[in-house]
Amino acid sequence: MQDPTFWSGEGQLRRAAVLHLSTAVVIAAAVALGPVLATDPPSGMRAVLAATTAAAMTAVVVIAVVALARPWLTRRAGATPLGRWSVAVAVLASVGLLGTVVLLLLPDGPAGTPLVDLRPPPGCVRNPEGAGCLTDRSLPGFDWIISWFGTGQLLLLLAIGTVSRSGRRALLAPAVAVVLLVLGVLWIVGWLPGIPAAPAALDIWMVGLGAVTLAGGGLLLPRVRSPRPHDDPAWAGRGPAVLAGYGWVLCVSNSAGLFYWVADRLNNDATPSGRSPITPPVPVLWAGLAFSIALFLLLVVALRSAVLFSRLRRQEYAALTAGRHSLSAHQLRRCRDVSTYHAMHRLVGEHALRLAGWYAAAATVLVTLGCAAVLSPARPHPSPTHGEAAVLKAVADIGDSLLSWLPVLVATIGLLVYRNEGVRRSVGVLWDVGTFWPRAAHPLAPPSYAERAVPELQTRTAGLLALAERDPRSLDGIILSGHSQGAVICAAVLLQLPARWRRRIWFFSYGCQLTRLYGRVFPAYFGPDRLPVLAEALHRPSGSPGWSNFWRHTDPLGWPVHAGERDVPVRDPEALHPSDGEIADPPIRNHSGYPDAPEYQRERSRVAPLLRRAVPAPRGGSD
């Protein structure tokens with residue numbers, strides 16, 4: 001983050017956007033082209049055009065995947081031309097899209113299957129059990145494309161996880177898995193000449209499961225040895241894969257739910273039993289079952305969190321009341337209230353990331369089995385259903401129903417953001433964390449507000465310190481104060497400033513997540529070897545630290561830093577009962593109100609003389 005071009009990523013954004021959009025175009029085109037080629041096998045010139053289109057699409061995906069590992073993609077400084085590879089990707093994507101459009105416009109060949117043959121017989125709405133009504137009439141090729149699309153994404157996620165944990169050498173496991181997967185599929189379909197036919201019992205889903213398992217084995221390789229090892233990173237160094245994986249699973253779930261919701265809205269002729277005559281594709285059926293299991297696992301994690309929270313609260317309550325036998329009933333109630341916040345502070349700081357990691361591990365196993373399931377022609381449950389199959393169908397139906405309401409839930413939350421302050425505040429916290437970093441992973445993500453906030457605050461700080469001595473607005477030093485996410489922004493600003501200006505700044509951080517969250521999830525930027533660099537840069541000429549960090553035992557998002565700064569614990573609440581003529585109990589402020597605390601005021605009074613001249617009182621009640 002000391003790189004002066006860190007917050008100027010226009011070149012990287014442009015190159016990544018070309019790759020992202022080109023890949024999205026060819027994938028969307030493949031979803032439409034695959035069923036057409038399956039229902040109408042090409043011949044003659046159609047076959048030549050289809051082969052050319054498929055080759056162009058494949059080249060786009062291969063170039064994009066290879067480019068992700070090349071250093072030029074992340075280069076941020078200097079000129080930002082697209083480069084010959086980006087131009088090649090754009091041209092190939094255009095060829096693939098044009099070929100798809102032409103193939104869709106050409107008339108059906110003699111071997112084509114009319115789409116009317118895929119419709120169920122008349123009367124299936126009134127009698128779903130009638131002749132031919134339960135026959136699989138899925139669009140040919142659609143299930144195959146969706147299944148391989150999801151499997152490919154999972155393999156890419158596993159590759160990200162192995163590289164982030166064990167370095168580029170760990171790419172061997174997913175690379176070998178992909179090669180074996182391709183060879184295995186070609187062997188099963190009989191496209192490897194000179195090799196005996198594959199056993200009849202060997203199916204594609206078995207090869208897919210073995211390949212994904214082999215790629216996932218790279219997640220268990222030893223961590224890379226680096227000159228600056230990071231202590232206790234989140235999820236043992238697999239943070240990028242976990243974060244990307246959660247986003248991917250949410251995207252797949254929302255897409256499947258949108259599929260269900262639109263199908264139900266367009267199909268108003270449901271049977272008297274409530275059964276829709278539209279049969280979703282097999283991958284979507286499996287998605288409903290997997291969603292039910294994922295929700296059950298999430299419930300297990302929530303119950304585990306509740307048990308841990310209850311245990312921690314009992315421990316904190318016992319510590320608050322130990323040796324104090326004369327407490328009144330009111331004071332005991334206050335101790336219970338304070339112990340609740342203490343327990344939340346410990347739950348987030350000591351257990352939250354581990355619980356998220358266990359859920360990610362369980363989700364990885366579930367997704368792996370799901371990819372194997374969708375690669376097989378089997379459905380989650382046979383039709384008609386009896387016995388155990390009926391139970392399985394009920395679970396899948398519950399997942400399907402919940403999936404269909406997931407887009408509605410997302411839209412409702414979006415609406416409440418504008419109408420409810422509590423929802424807006426909660427979503428705003430997540431939004432701030434998610435949009436802090438530059439758009440390096442997803443060029444179409446919301447713009448990074450830090451790309452504007454950090455340079456603006458840097459310019460404001462430098463402008464104050466660069467004023468002439470005779471200017472009435474000039475200052476010998478300033479206090480840079482940051483709360484919660486603001487502490488992260490201030491740290492980014494300080495790392496960008498030259499040393500001669502950092503010596504005239506004192507950093508106040510409170511409600512700070514630089515160690516327990518940012519330091520563990522993003523160790524390369526805020527890890528235990530990076531924060532001491534910031535603390536050392538802020539040291540005064542006298543050797544005293546130029547960084548004061550305030551934290552509370554009741555703050556679930558604020559902790560000490562231990563990087564060479566001055567940690568100042570803030571008492572909260574100030575007392576268990578009213579004092580100084582007050583009637584109401586002193587409030588439990590947890591994550592807010594730090595500047596009103598006596599410890600903050602005393603520290604500010606102590607720091608001001610050290611900056612050689614008193615710092616003006618803050619305007620508007622803020623620092």
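Bear in mind the structure is a predicted one, so any value in this text is a computation, not a measurement.
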Considering all heavy atoms, the nearest D400-V284 contact: OD1-O, 4.2 Å

Any R424 side-chain heavy atom under 4.5 Å of Y418 side chain: no

T461 and W501: CA distance, side-chain angles, deciding distance, side-chain hydrogen bond (donor to acceptor under 3.5 Å, both in side chains) verdict: CA-CA 9 Å; T461 303; W501 287 342; over 6 Å; no

Check residues 427-437 and write down every donor-acceptor pair under 3.5 Å in which the side-chain atom is one partner and the other belongs to a residue at least two apart or another chain.
from: T435; atom 1: OG1; to: W431; atom 2: O; distance (Å): 2.6

Verdict with reasoning, Y449 to Q485, per side-chain hydrogen bond (donor to acceptor under 3.5 Å, both in side chains): CA-CA 12 Å; Y449 70 90; Q485 185 74 10; 3.1 Å; yes

Beyond-backbone contact of L154 with W248, side-chain heavy atoms, under 4.5 angstrom: yes

Full working for side-chain contact (heavy atoms from CB on, under 4.5 Å) between L497 and Q458: CA-CA 7 Å; L497 291 174; Q458 180 182 355; 3.6 Å; yes

E316 CD to R313 CZ distance, which is reported to the nearest 0.5 Å: 11.5 Å

S292 side chain to V395 backbone, donor-acceptor under 3.5 Å: yes

Modelled atom types, side-chain donor and acceptor of Y594 and D555, under 3.5 Å: yes

Donor-acceptor contact present, side-chain S164 to main-chain R238, <3.5 Å: no

Considering all heavy atoms, the nearest P174-T162 contact: CG-OG1, 4.0 Å

Closest non-hydrogen atom pair between R304 and R311, with its separation: NH1-NH2, 4.0 Å

Contact check, side chains of S255 and C251, non-hydrogen atoms, under 4.5 Å: yes

Candidate pair W286 and L289, rule side-chain contact (heavy atoms from CB on, under 4.5 Å), full reasoning: CA-CA 5 Å; W286 281 108; L289 179 62; 3.7 Å; yes

Exceeds 12 heavy-atom contacts within 6.0 angstrom, atom NE2 of H351: yes

Note, S253 side chain near L403 side chain (heavy atom, < 4.5 Å): yes

F526 side chain reached by T515 side chain, heavy atoms, under 4.5 Å: no

Within-4.5 Å side-chain heavy-atom neighbours: I63 and L92: yes

Spatial distance of atom OG1 (T151) from atom CD1 (I146) [nearest 0.5 Å]: 11.0 Å

Non-hydrogen atoms of L353 and R516 that approach each other most closely: CD1-O, 3.6 Å

Separation between CG of L494 and CZ of F507, rounded to the nearest 0.5 Å: 6.0 Å

Flag side-chain contact, heavy atom, 4.5 Å: I398 against F291: no

Spacing of CZ belonging to F149 relative to CD1 belonging to I27, to within rounding of 0.5 Å: 5.0 Å

Minimum heavy-atom distance Y359-Y246, with the two atoms named: CD2-OH, 3.5 Å

Polar side-chain atom of E451 near backbone of S8 as donor-acceptor pair, under 3.5 Å: no

Rounded distance [0.5 Å steps], CG in L464 versus OG1 in T459: 11.0 Å

Straight-line distance of S426 OG to I413 CD1, nearest 0.5 Å: 10.0 Å

Residues R425 and E421 bridged, charged N to O under 4.0 Å: yes

F508 vs H483, side-chain contact (heavy atoms from CB on, under 4.5 Å): CA-CA, chis, key distance, verdict: CA-CA 8 Å; F508 275 12; H483 171 240; over 6 Å; no

Minimum heavy-atom distance A362-L297, with the two atoms named: CB-CD1, 3.9 Å

Centroid separation F522 to Y518 less than 6.0 Å: yes

Residue pairs fulfilling side-chain hydrogen bond (donor to acceptor under 3.5 Å, both in side chains) with at least one residue in residues 560-569, sequence neighbours excluded: N549-D567, R566-E603

Main-chain N/O of L219 paired with R165 side-chain donor or acceptor, under 3.5 Å: yes

L355 and S305, any side-chain heavy atoms less than 4.5 Å apart: yes

Between Y600 and S548: side-chain donor-acceptor atoms closer than 3.5 Å: no

Sidechain-backbone polar pair: R552 side chain, G558 backbone, donor-acceptor under 3.5 Å: no

Evaluation steps, side-chain contact (heavy atoms from CB on, under 4.5 Å), between V60 and V25: CA-CA 10 Å; V60 169; V25 165; over 6 Å; no

Donor-acceptor pair, side chain of R354 and main chain of E350, under 3.5 angstrom: yes

Under 3.5 Å donor-acceptor, S147 side chain and V374 backbone: yes

